[in-house]
Undergrad: 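Here it is, the structure in full.
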Number of protein chains: 2
Amino acid sequence: MVTINPDRLLTDLKRLRSFGATGPGVVRLALSPVDLASRQWLVTRMTEAGLDAGIDGVGTVFGRSRNSGPALVVGSHTDTQPTGGWLDGAMGVIYGLEIARALAEDAATKHLAVDVASWIDEEGTFSGLLGSRSFVGDPIEESIRGATNREGQRLEDALEAAGLAGRPRVRFEAGRHVAYLEPHIEQGGRLEAAGKAIGVVTTIVGLRELRLRFTGQRNHAGTTPMAIRRDAGAALVAFIATMNDAFAQLADADTVWTVGRIDLDPGSLSVVPGSADMYLQFRDANAARLQAMESKLADLVRDFNARNRVSVELTTFDAPMEPVSMHTALADHLARAAEAVAPGQWLRMPSGAAHDAQVISRCMPACMMFVPSIGGVSHDFIEDTAEEHIVLGCRVAATAAAAILQEQCAARS
Amino acid sequence: MVTINPDRLLTDLKRLRSFGATGPGVVRLALSPVDLASRQWLVTRMTEAGLDAGIDGVGTVFGRSRNSGPALVVGSHTDTQPTGGWLDGAMGVIYGLEIARALAEDAATKHLAVDVASWIDEEGTFSGLLGSRSFVGDPIEESIRGATNREGQRLEDALEAAGLAGRPRVRFEAGRHVAYLEPHIEQGGRLEAAGKAIGVVTTIVGLRELRLRFTGQRNHAGTTPMAIRRDAGAALVAFIATMNDAFAQLADADTVWTVGRIDLDPGSLSVVPGSADMYLQFRDANAARLQAMESKLADLVRDFNARNRVSVELTTFDAPMEPVSMHTALADHLARAAEAVAPGQWLRMPSGAAHDAQVISRCMPACMMFVPSIGGVSHDFIEDTAEEHIVLGCRVAATAAAAILQEQCAARS
């Protein structure tokens with residue numbers, strides 16, 4: 001078991017929290033002045049930990065171990081949502097810093113190479129998952145050119161203003177980088193409900209985002225008898241009921257689907273809606289189930305159109321994302337570390353949220369580990385995790401990190 | 001049977017249509033420049049018909065017969081919706097003008113007094129039903145003071161700019177005004193569906209406008225299992241299904257209910273809605289049924305709150321309107337005239353829409369008569385009625401007007 005320094009870990013986490021602190025929460029949007037200040041601070045802390053650290057050409061902070069490989073990359077992101085919590089992303093980055101320090105302090109592990117990353121803009125202020133996409137070699141020039149934030153600032157201008165334009169971008173090093181570990185808060189309530197402290201991630205779920213547009217006939221809500229209406233809103237409501245039944249047949253306990261938005265047109269109390277849109281998202285760890293749900297939805301649309309005087313059209317709202325499995329051997333390392341540090345207090349679970357790890361997994365084996373979110377809350381100022389869980393999670397991650405690297409070193413020697 | 005002049009009727013209707021003509025429709029918002037120009041034209045036509053005519057202090061055009069009473073007021077409104085049709089309101093006013101002329105041209109009826117009205121702002125550009133409310137003596141000063149149109153123009157300023165501020169307002173004259181007749185397009189599809197030409201209105205339906213606010217828990221749509229969600233949007237959809245079943249038990253063929261607007265908060269695909277609002281309107285000719293529906297809704301809310309982890313709160317969105325019965329003897333006059341002019345081509349029916357007649361009925365007996373709307377469409381540029389129905393309707397209304405006044409004269413002599 002690796003010995004970490006809980007005070008140092010929590011002190012650094014709280015110092016990072018001070019950048020953009022807003023009540024109990026944090027507003028630290030990617031490349032904002034306060035985000036850039038926090039990145040500068042992070043470079044300093046990494047340098048003090050003995051890493052070769054800097055901010056790259058897109059804004060990612062990367063601290064490279066001076067030890068030769070094989071190297072484990074540990075990281076996450078330090079940018080936040082517009083109303084963000086203090087741990088989402090930030091915890092995984094400070095875990096990486098603490099793990100690098102902890103391994104360096106022990107004669108038995110000081111030869112191991114831990115590189116630490118804070119990937120830029122995971123939350124999509126300009127372009128989601130930008131830092132990890134850049135790291136794996138995605139063609140990001142087009143993403144950068146078109147990207148603006150909510151205030152209309154262009155990403156290119158933000159990088160120029162930050163003095164980052166033209167700097168080299170950190171990239172995956174074949175031969176050196178052998179594995180990626182991303183510790184993160186759960187952002188859901190499953191660990192809390194199960195009374196567990198650690199989640200070992202099996203899969204990052206895939207998702208579909210679709211729009212269903214119902215077209216009927218706009219009419220006077222007073223003079224149009226129910227029997228002759230073609231009410232697009234009523235049709236939408238009826239469709240959801242049918243869809244819920246059909247999806248419940250296909251779902252397992254982890255399948256989720258959400259109607260997050262409904263627009264009735266014209267949206268007046270005195271007018272029978274002539275058109276109605278619903279926006280549907282569903283997520284699952286199983287690619288075949290996502291496909292089955294999509295097929296079922298197409299069937300329901302076909303049936304509906306055959307039977308109703310209101311028509312419905314199904315279109316893709318955003319690009320589909322397929323599930324990404326975490327690397328089994330790495331997940332087993334996490335499971336063994338969890339059992340050693342916190343016997344019986346862990347479980348395996350999917351990640352319902354997207355993470356940089358799903359991108360990084362395209363160039364090397366990747367794994368993720370969760371600690372509980374109090375009340376399951378995230379993307380909110382009141383997001384929090386018990387300090388004992390923060391410390392415990394870091395012990396598990398450090399222990400797994402050492403084991404992963406020791407195994408890699410043994411394989412190479 | 002009274003003889004009207006169909007060419008004169010249609011020529012005047014088409015001339016009025018030219019004020020604000022927009023494609024096949026009309027945009028003639030109350031007190032807009034084009035509305036004021038049309039009112040000036042209407043005063044001229046009324047004067048040419050031998051009426052003492054003018055625009056009053058709120059904008060109502062009133063043409064008073066020079067015959068002594070008893071007088072029948074025939075009218076409706078000439079202002080339109082933002083995307084209005086050419087007949088909604090306008091037809092009833094031009095019917096009044098033609099009836100006054102037709103009765104004056106016949107020795108047998110030229111002693112009868114028909115006053116003609118175009119009540120201002122029935123459609124609520126500034127304050128709905130303003131002209132009729134002023135006529136019956138409602139305290140409208142407060143309505144006038146607070147009223148603005150969509151562009152933020154104050155009603156007081158509009159009246160001042162039109163040179164109307166300070167003019168006397170036309171008022172109900174006890175002793176003279178004995179009855180009110182409002183001919184109108186149906187604004188629904190019932191006459192067309194039944195193959196009839198004339199509707200004799202029994203009742204103007206009452207209505208309720210309510211908001212139901214569902215409160216659950218906003219959560220991440222990826223990480224929150226279905227089993228632990230408190231999804232306000234899903235609760236709203238489930239409630240509507242239950243409500244539809246319950247209302248169907250209480251309804252007759254004329255009962256209507258409409259969910260015209262739904263707002264999910266925050267309205268994002270990735271967030272389980274924490275709050276959801278639906279806006280409900282229901283209408284019926286029967287006051288007891290409206291009451292029963294309101295009670296049933298309160299029961300459903302109570303049951304829902306007892307059984308669900310999402311709560312719902314029911315509030316009044318706008319003031320209730322009670323049903324208004326048309327005067328039976330007047331409706332019978334219309335029925336006899338319809339049977340005389342168009343045997344078997346008429347029926348009795350409620351009005352699902354609101355009209356000035358429901359206000360005027362507070363000071364004198366009132367009745368309404370409908371002609372068919374093609375496709376049931378109104379409040380739309382394509383609103384229309386067959387010319388033969390326009391002419392037929394005017395014959396029925398003129399015949400009924402003569403009979404009503406002859407009966408009144410006989411009763412006084």
Side-chain angles (χ1 to χ4, degrees), chain A residues 186-190 193 205 207 209 217-229 231 233-234 236-238 240-241 244 248 251 253-264 266-273 276 279-281 283 317-318 351-354 373 376-380, chain B residues 186-190 193 205 207 209 217-229 231 233-234 236-238 240-241 244 248 251 253-264 266-273 276 279-281 283 317-318 351-354 373 376-380:
Chain A
E186 180 194 351
Q187 301 186 262
R190 187 181 307 228
V205 303
L207 67 82
E209 295 194 330
Q217 174 66 50
R218 189 191 283 205
N219 261 314
H220 193 295
T223 62
T224 313
M226 301 303 275
I228 67 168
R229 292 184 176 199
D231 183 330
L236 178 151
V237 167
I240 292 176
N244 285 343
D254 294 333
T255 310
V256 291
W257 65 97
T258 309
V259 176
R261 181 173 158 196
I262 293 174
D263 297 326
L264 306 187
S268 159
L269 276 72
S270 288
V271 183
V272 178
Y279 296 82
L280 170 70
Q281 182 193 80
R283 307 199 195 204
F317 180 73
D318 206 349
S351 168
S373 295
V377 176
S378 72
H379 290 188
D380 191 291
Chain B
E186 180 193 351
Q187 301 186 262
R190 186 180 309 230
V205 303
L207 66 82
E209 295 194 329
Q217 173 66 51
R218 189 192 283 206
N219 260 314
H220 193 295
T223 62
T224 314
M226 302 303 276
I228 67 168
R229 291 185 177 198
D231 183 331
L236 177 151
V237 167
I240 291 175
N244 285 342
D254 293 333
T255 310
V256 290
W257 64 96
T258 309
V259 176
R261 180 173 157 194
I262 292 174
D263 297 326
L264 307 187
S268 159
L269 275 73
S270 287
V271 184
V272 178
Y279 296 82
L280 170 69
Q281 183 194 78
R283 307 200 196 204
F317 179 74
D318 206 350
S351 168
S373 295
V377 176
S378 72
H379 290 187
D380 191 292

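The analysis underlying the following values was restricted to heavy atoms, covering all of them including side chains, and did not include hydrogens, waters or symmetry mates. A quick note: this is a predicted structure, and the numbers were derived from the prediction, not measured. Chain A is the first sequence line, chain B the second, and so forth, proteins listed ahead of strands; every chain is numbered from 1.
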Undergrad: How far apart are the closest heavy atoms of A:V259 and B:L264, and which atoms are they?
TA: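 So the minimum-distance heavy-atom pair works out to O-CD1, 3.6 Å.
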Undergrad: By side chain to side chain donor-acceptor pair (under 3.5 Å), which residues pair with A:Q281, not counting sequence neighbours?
TA: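 Result, side chain to side chain donor-acceptor pair (under 3.5 Å) vs A:Q281: A:E209, A:R283, B:S270.
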Undergrad: At a 4.5 Å cut-off on heavy atoms, which part of A:P273 comes close to chain B: side chain, backbone, both, or neither?
TA: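 Side chain only.
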Undergrad: Just say parallel, tilted or perpendicular for the rings of B:H220 and A:H379, cut-offs at 30° and 60°.
TA: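 Taking A:H379 first and then B:H220, their aromatic rings sit tilted (interplane angle of 30° to 60°).
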Undergrad: Tell me, side chain or backbone of A:R218 under 4.5 Å from chain B's heavy atoms, or both, or neither?
TA: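 For A:R218, there is no contact with chain B at all, as no heavy atom is under 4.5 Å.
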Undergrad: Are B:M226 and A:N244 close enough that some pair of their side-chain heavy atoms sits under 4.5 Å apart?
TA: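 Side-chain contact under 4.5 Å: no.
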Undergrad: Go through the steps for B:L280 and B:F317 under the test side chain to side chain contact (heavy atoms under 4.5 Å, CB included), then give the verdict.
TA: CA-CA 9 Å; B:L280 170 69; B:F317 179 74; over 6 Å; no
Undergrad: Please classify the contact between A:S378 and chain B as side chain, backbone, both or neither, with a heavy-atom cut-off of under 4.5 Å.
TA: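 Contact with chain B involves the side chain of A:S378 alone.
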Undergrad: With a 4.5 angstrom heavy-atom cut-off, which part of B:A221 approaches chain A: side chain, backbone, both or neither?
TA: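 Contact with chain A: backbone and side chain both.
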Undergrad: Please find the pair of heavy atoms, one from B:A276 and one from B:L236, that lie closest to each other, and give the distance.
TA: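 Closest approach of B:A276 to B:L236: CB-CD1, 3.8 Å.
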Undergrad: Side chain from CB out, backbone as N, CA, C, O: work out which of these in A:V256 comes under 4.5 Å of a heavy atom of chain B, or both, or neither.
TA: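 Both parts, heavy atoms under 4.5 Å.
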Undergrad: Any idea which of A:E186, A:Q217, A:R229 has the most non-hydrogen atom pairs under 4.5 angstrom with chain B?
TA: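 Heavy-atom pairs under 4.5 Å are most numerous for A:R229.
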Undergrad: Could you have a look at B:I262, B:L269, B:V237 and say which one has the most heavy-atom pairs with chain A under 4.5 angstrom?
TA: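 Option with the top pair count is B:L269.
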Undergrad: So which heavy atom on B:A253 is nearest to which on A:P225, and how close?
TA: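 Here B:A253 and A:P225 meet closest at O-CB, 4.4 Å.
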Undergrad: Who wins among B:G267, B:P266, B:A248, B:G233 for the most heavy-atom pairs under 4.5 Å with chain A?
TA: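 Sorted descending by pairs with chain A, the first entry is B:G267.
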Undergrad: Please classify the contact between B:N219 and chain A as side chain, backbone, both or neither, with a heavy-atom cut-off of under 4.5 Å.
TA: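 Contact with chain A: side chain only.
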